[in-house]
Amino acid sequence: MSFANQSDGQTPAENTVTGTPVIGTLGAAPQNESNGVRNDWSQAEIRALFDLPFNDLLFRAQAVHRLHFDANRVQKSRLLSIKTGGCPEDCKYCPQSAHFETGVDAEKLMNVDAVMAQAREAKDGGASRFCMGAAWRSPKDRDMDAIIDMVQGVKALGMETCMTLGMLSGAQAARLAEAGLDYYNHNIDTSEEFYGEIITTRTYQDRLDTLEHVRQSGMNVCCGGIVGMGESRDHRAGMLMTLATMPKHPESVPINMLVQVEGTPLTGTEQLDVLEFIRTIAVARVLMPQSFVRLSAGREAMTDEAQALCFLAGANSIFCGEKLLTTGNPEVDQDDALFDRLGIEPYEVEEPYEAKAGE
Ligand code: SAM
Ligand code: DTB
Ligand code: SF4
């Protein structure tokens, strides 16, 4: 099976919206110079991309995007918090950390039937991917049976599955992979240099170790970060360098704009210019041409025009539905209207795809 509208690397696939050929593959071809995918980006090169005039950067990102994807399609993913609040980690941006008073109460892991009901609703609403998040440092072995049932149940609906449960051991990653989990989300969040300003309860290396376990298990890697936390442009470049120099790029790269939640230490941080956020998306697209770049948290505070520029910069996935994990997201009708105005179509639930096709 191959990703709908993705080519086999030999024959240009057709862009179903515009009829324009789409050249390139997702995950099928090796990452090397010949297909325009590089893993040896330097900080200076990445910084130079950030420093381009805005129009030049967007032109470059759009050109790269069109080589690998249908430029008029955006994936819709639905998030569900399957275990909310009370997290022992101290991530300064997070409303679910038990270290901060944010009004988010600690809840137990949802039961499998309740998760399935939400997944069916998401599918009916046009989501092709269902992402389940838990406010854990790492999953407890006693929770794994329920987690596996959730993966298998959601997959049986024909949706792509993603989970984000914190740090994973090699054995836990292998178990999730065996159950058929398609993607595991674990963000590096920021650059190695800035990381210590944001989280103290686990290290950057801990994150990389989990990502390695996920990669080794055969699951697709979903890994990105947050901007607008008071970091510098060099820090943003450093974060993208970590991702773009991994031996294999994450198949999915969520770029979140910090959602400032009252009670978290990052509330009151100077707002990042949305054009700088769009630059970050564009640089991610240039560096990681075959990855889904996900316009993640922060859309509620963005204008339609800013989001349109994110899509032009190469973002091709969003979270849909009125809620992310605990914070707000645009209304479904508003997103549908924006897609209509832009002539963007979502990837269909029925369109079968496998990111590892051809491997
Ligand atoms: N506990 C797990 C973990 O941290 O890996 C999974 C859930 S955690 C909420 C998933 C990601 O959401 C974080 O890594 C972070 O990038 C993002 N996130 C959390 N709070 C956010 C906020 N206020 N604004 C933007 N992104 C946020
Ligand atoms: C990601 O990078 N962003 C999503 C998803 N992965 C799990 C989460 C955003 C959370 C925003 C804050 C909240 O709603 O609690
Ligand atoms: Fe916990 Fe994840 Fe929030 Fe950090 S980001 S406090 S690990 S839920």
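We number each residue from 1, following the sequence as shown. Below, each value reflects all heavy atoms present in this structure, side chains not excepted, and no hydrogens, waters or symmetry copies. Counting convention: from 1, in listed order, for ligands and their atoms alike.
- Counting heavy atoms under 4.0 Å from ligand 2, residue T326 touches it through both backbone and side chain.
- Closest protein heavy atom to atom 12 (C) of ligand 2: T327 OG1, 3.6 Å.
- Atoms of ligand 3 found under 4.0 Å from any heavy atom of C91, numbered from 1 in the order shown, are 4 (Fe), 5 (S), 6 (S), 7 (S).
- With no hydrogens or angles considered, no side-chain donor-acceptor pair links H213 and T210 at under 3.5 Å.
- Within the 4.0 Å heavy-atom criterion, neither part of K92 lies near ligand 1.
- Residue P95 touches ligand 2 through its side chain alone, judged by heavy-atom distances below 4.0 Å.
- For ligand 1, the polar-atom distance check against N187 finds a nitrogen or oxygen pair separated by under 3.5 Å.
- Within the listing of ligand 3, atoms 8 (S) sit less than 4.0 angstrom from a heavy atom of A135.
- No N or O atom of T164 sits closer than 3.5 Å to an N or O atom of ligand 2.
- With hydrogens and angles left out, the side-chain atoms of Y184 and S217 include no donor and acceptor closer than 3.5 Å.
- For the ligand labelled ligand 3, residue R137 lies outside the 4.0 Å heavy-atom shell.
- In this structure, Y93 does not count as a contact residue of ligand 2, since none of its heavy atoms falls inside 4.0 Å of the ligand.
- Distances between N or O atoms of Y93 and those of ligand 1 include at least one value under 3.5 Å.
- Closest to atom 10 (C) of ligand 2, if we only count protein heavy atoms, is L325 CD1, 4.1 Å.
- The part of L79 lying near ligand 2 is the side chain, judged by heavy-atom distances below 4.0 Å.
- For atom 24 (N) of ligand 1, the nearest protein heavy atom lies closer than 4.0 Å.
- Counting heavy atoms closer than 4.0 Å to ligand 2, residue V261 contributes nothing at all.
- N256 and Y93 share no side-chain donor-acceptor pair at under 3.5 Å.
- For ligand 1, the polar-atom distance check finds no N/O of R207 at less than 3.5 Å from any of the ligand's N/O atoms.
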